[in-house]
2 protein chains.
Amino acid sequence: MSKAAKVLPDEGTGKRGPDGYLGYLLRQAANGYRHRVETSLRETGLTQPQFAALTMLDAYPEHSSADLARIALLTPQTMSTIMQNLENAALIRRHPHQEHGRKRRIELTDAGRQVLVRAKRLVYALETDLAEGFSEEEQRTVRRWLVAAGGRSLEGGAAKP
Amino acid sequence: MSKAAKVLPDEGTGKRGPDGYLGYLLRQAANGYRHRVETSLRETGLTQPQFAALTMLDAYPEHSSADLARIALLTPQTMSTIMQNLENAALIRRHPHQEHGRKRRIELTDAGRQVLVRAKRLVYALETDLAEGFSEEEQRTVRRWLVAAGGRSLEGGAAKP
DNA sequence: ACAATAATATCAGAGTTCTGACAATGAGCA
DNA sequence: TGCTCATTGTCAGAACTCTGATATTATTGT
């Protein structure tokens with residue numbers, strides 16, 4: 001680079017570094033982490049949202065797509081899309097719900113359970129990386145901030161000043 | 001707990017609260033914040049990435065789409081898509097670059113500049129919300145964590161210590 | 001000067017996420 | 001009973017983001 005003395009800030013400095021806007025840093029952090037997760041999950045074919053959905057399904061079985069959407073703070077449409085992709089991949093199965101015509105019961109298939117086991121190992125390794133270099137108290141601060149930053153997002157119109 | 005004592009965790013507790021996985025909390029925080037930003041930007045018609053792109057374009061003019069992708073830690077394809085949408089909305093203009101046949105110079109239009117002014121006011125209000133309730137030192141911790149969490153995401157294989 | 005490499009931009013395809021709109025079921029009320 | 005409303009699920013459309021592939025231009029090496 002010889003001409004025009006690059007005014008591009010180096011990575012990790014300026015607005016991009018620890019002096020940047022929190023919202024900007026938040027978006028980049030989530031992007032970067034999702035990228036690492038999906039690179040790590042490549043061999044399983046899962047995406048980060050699919051992994052999250054399978055994990056919830058395993059932890060809270062017998063629940064509908066709308067239930068899971070509420071847990072994950074997503075819209076029902078979004079969760080529906082994820083479920084369709086998981087069903088196409090034969091990782092889940094959906095049956096009509098007895099005593100409730102519209103609801104559908106969701107179940108992991110054997111393939112789904114096997115993939116989930118492998119995926120959990122991969123993702124939990126990255127999870128520990130996220131905490132590395134931060135004390136217990138600092139991690140508490142970070143968790144508290146993350147919950148506050150994303151907490152009340154789909155809560156209807158609770159804009160009550 | 002008569003028939004099926006709701007095992008759904010309440011919002012803000014369990015894996016969703018301050019005891020949850022950092023990766024999970026990070027995804028939800030970014031989702032929630034983006035949601036708030038776009039709700040706030042509704043009147044301008046901008047999305048969060050479009051706002052970020054316009055801001056960078058304003059701060060570092062005369063740069064190509066690929067340059068901006070590098071700054072924002074996105075792939076060139078992603079930034080290209082955003083630029084196309086901004087161009088369709090007549091918020092930016094692209095001219096052929098002199099002395100560089102392939103590059104294209106990007107410029108905010110008058111409409112783009114006007115929208116950006118309004119959008120900055122709206123977004124910066126939310127930005128201060130993100131810091132509310134956290135001391136200066138806690139904010140430093142959070143920033144440091146966010147940078148570490150998303151930092152080295154697109155660095156091909158540049159393991160250069 | 002020519003060939004190889006790198007950078008820029010784009011197309012195609014997929015997955016996630018939103019809004020908006022709609023149909024079908026279940027529950028409550030006049 | 002019939003009407004209304006909330007819940008559940010889906011379709012359509014848009015934007016963002018990635019990977020992979022391709023074309024064009026610049027730079028570099030021999």
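Throughout, protein chains are lettered first and strands after them, A, B, ... in sequence-line order, and every chain is numbered starting at 1.
Side-chain atoms of A:T109 come within 3.5 Å of backbone atoms of A:A90 as a donor-acceptor pair (strictly under, hydrogens ignored). Without hydrogens or angle criteria, B:E127 side chain to A:G23 main chain gives a donor-acceptor distance under 3.5 Å. Using modelled atom types, no side-chain atom of A:E107 and backbone atom of A:R93 make a donor-acceptor pair closer than 3.5 Å. A donor-acceptor pair is defined here as one N or O able to donate and one able to accept, closer than 3.5 Å; no such pair exists between the side chain of B:W145 and the backbone of A:Q139. One N or O on the side chain of A:R36 and one on the backbone of B:A149 form a donor-acceptor pair closer than 3.5 Å.
To the nearest angstrom, P of D:dT10 lies 13 Å from CE of A:M79. Nucleotide D:dA15 holds its P atom 14 Å from the CZ atom of B:R34, rounded to whole Å. Rounding to whole angstrom units, CG of residue A:L73 and P of C:dC18 are separated by 10 Å. We find that NE2 of B:H35 is positioned 17 Å from P of D:dA15, with the value rounded to whole Å. The nearest whole Å value for the distance from the CG atom in A:N31 to the P atom in C:dT17 is 12 Å. Distance B:L74 CG to D:dC16 P: 11 Å, rounded to the nearest Å. Here the P atom of nucleotide D:dA15 and the CD atom of A:Q77 are 17 Å apart, to the nearest Å. In this structure, NE2 of B:H63 is placed 11 Å from P of C:dT8, rounded to the nearest angstrom.
Of the two residues near DNA chain D, A:A66 and B:Q48, the one whose nearest nucleotide lies more 5' is A:A66. DNA chain D is contacted by both B:T78 and A:S64; A:S64 maps to the nucleotide lying nearer its 5′ end (nearest heavy atom per residue).
Counting non-hydrogen atoms under 4.0 angstrom, A:E38 reaches nothing in the nucleic acid.
There is a side-chain donor-acceptor pair under 3.5 Å between A:D67 and A:S64.
For the contact set between residues 81-94 of chain B and DNA chain D, defined by any heavy atom under 4.0 Å, the members are B:T81, B:I82, B:N85.
Residue A:L57 holds its CG atom at 9.5 Å from OG of A:S65, rounded to the nearest 0.5 Å.
Terminal axes of the helix from C:dA1-D:dT30 to C:dA30-D:dT1 (five pairs each, C1' rotation axis) are separated by 10°, to the nearest 10°.
Looking at every heavy atom in both residues, B:R113 comes nearest to B:L108 through NH2-O, 3.2 Å.
Phosphate proximity of D:dC16 to B:T47: present, with a side-chain N or O under 4.0 Å from OP1 or OP2.
For A:T81, there are no side chain to side chain donor-acceptor pair (under 3.5 Å) partners two or more places apart in sequence or in a different chain.
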